[in-house]
S.K.: 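Let me give you the structure first, and then I'll get to my questions.
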Amino acid sequence: MPESLIQRTLVLLKPDAVQRGIMGNLITRFENAGLKIVGMKMVWVDDAFSKKHYSAHVEKPFYKGLEEFITFGPLVALAIEGIEAIETIRKMVGSTEPKKALPGTIRGDFAHHSYPYADKKGIAIKNLIHASDSIESANKELNLWFTSEELHTYKTVHELHVF
Ligand code: CDP
Ligand code: MG
C-alpha cells in the first residue's frame, strides 16, 4: 500500500513566537493555505522532554543552546493535516537560519537571526518554529507530543473547495 498523500505533521510555535505575540499570525498562514489543525495545546517543556524531542541533536555542539531556547517559556504544539503536509509546511517554514530563509516563508518574514550572531552570543538560532522533516519523524513526534484522544478528525470546508 502506498503512503497516503494526506499527512499529519507536528509544528511547534517556539517560545520566541509565543513571547513575541505572533502565534495567531503564524497559525493564520496554515489556515489560509487550507491546512487543517487537528491538535493544539500550550506546553512548557522541561530538559528531559527536550532531549526526547531533539534526540537526533543531543550530541551536537548547538544542543545546549537549543535546550535553553526550547525550555525558555511555553510553546504551542500543533498537529496539522493536509495534502503532502510535511513537505508543504517545511516549505512554508523556510530555512533553519532566518537570515537565509526566503521572504514569504515564516522564518524569512518574521525573523532575521544568523548563525554567526547566535554563535557569538552562545545561543540557539532564534527561528520561531519547528516542523517535522519526514514521514518517520512526523509519526514519532506526533506520538511524543499528542495522545490519540488529543488528535481530532472532522471536516472543514476546504475538503469541499480546496482538496
Ligand atoms: O528546525 P530545523 O529542522 O530547520 O533545523 P535542525 O537542523 O533540525 O535544528 C533544530 C533546531 O536547532 C533549529 O531549528 C535551531 O533552533 C537549532 N539550531 C541551532 O541553534 N544552531 C544550529 N547550528 C543548528 C540548529
Ligand atoms: Mg529538524
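Note that ligands are numbered from 1 as they come in the structure, with each ligand's atoms numbered from 1 the same way.
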S.K.: Out of curiosity, is Arg90 lining ligand 1, as in a heavy atom under 4.0 Å away?
M.R.: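 Yes, Arg90 has a heavy atom closer than 4.0 Å to ligand 1.
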S.K.: Which option out of Glu67, His57, Lys14 puts a heavy atom nearest to atom 9 (O) of ligand 1?
M.R.: His57
S.K.: So that I can tick it off, tell me whether Arg107 and Glu97 are bridged by a salt bridge, with the cut-off set at under 4.0 angstrom between side-chain N and carboxylate O.
M.R.: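 So Glu97 does not pair with Arg107 through a salt bridge.
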S.K.: Nearest heavy atom to atom 22 (C) of ligand 1: which of Tyr63, Phe62, Phe69 does it belong to?
M.R.: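 The option holding the nearest heavy atom is Phe62.
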S.K.: Can a cation-pi geometry be assigned to Lys41 and Phe146, taking NZ or CZ under 6.0 Å from the six-membered ring centre and within 45° of the ring axis?
M.R.: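 Verdict for Phe146: a cation-pi partner in Lys41.
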S.K.: Does Ile80 form a side chain to side chain contact (heavy atoms under 4.5 Å, CB included) with Arg8? I'd like the steps, not just the answer.
M.R.: CA-CA 5 Å; Ile80 305 185; Arg8 287 183 168 185; over 6 Å; no
S.K.: Could you tell me whether Ile125 approaches ligand 1 through its side chain, its backbone, both or neither, with non-hydrogen atoms closer than 4.0 Å?
M.R.: both
S.K.: Lys14 and side-chain contact (heavy atoms from CB on, under 4.5 Å): which partner among Leu128, Ile70, Val76?
M.R.: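 For Lys14, the side-chain contact (heavy atoms from CB on, under 4.5 Å) check succeeds only for Ile70.
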S.K.: Counting heavy atoms only, which part of Arg107 comes closer than 4.0 Å to ligand 1: side chain, backbone, both or neither?
M.R.: side chain
S.K.: Please lay out, stage by stage, how Ile106 and Arg29 fare under the test side chain to side chain contact (heavy atoms under 4.5 Å, CB included).
M.R.: CA-CA 9 Å; Ile106 288 169; Arg29 290 191 168 215; 3.6 Å; yes
S.K.: Which atoms from ligand 1 have a heavy atom of Ala124 less than 4.0 Å away?
M.R.: 20 (O)
S.K.: Quick one: do Phe49 and Trp145 satisfy ring-ring contact (aromatic ring centres under 6.0 Å, His included)? Show the steps, please.
M.R.: CA-CA 10 Å; Phe49 195 89; Trp145 286 85; 4.7 Å; yes
S.K.: Have a look at ligand 1 and work out which part of Asn127, if any, has a heavy atom under 4.0 Å from it: side chain, backbone, both or neither.
M.R.: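 Just the side chain.
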S.K.: Is it true that Tyr63 and Glu67 share a donor-acceptor pair across their side chains at a distance under 3.5 Å?
M.R.: yes
S.K.: At what distance is the nearest protein heavy atom to atom 11 (C) of ligand 1, and which residue and atom is it?
M.R.: Leu66 CD1, 3.8 Å
S.K.: Would you say Tyr54 has any N or O atom under 3.5 Å from an N or O of ligand 1, going by distance alone?
M.R.: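 N/O-N/O distance below 3.5 Å does not exist for this pair.
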S.K.: Do me a favour and list the nearest non-hydrogen protein atom to atom 2 (P) of ligand 1 with residue, atom name and distance?
M.R.: Thr96 OG1, 3.5 Å
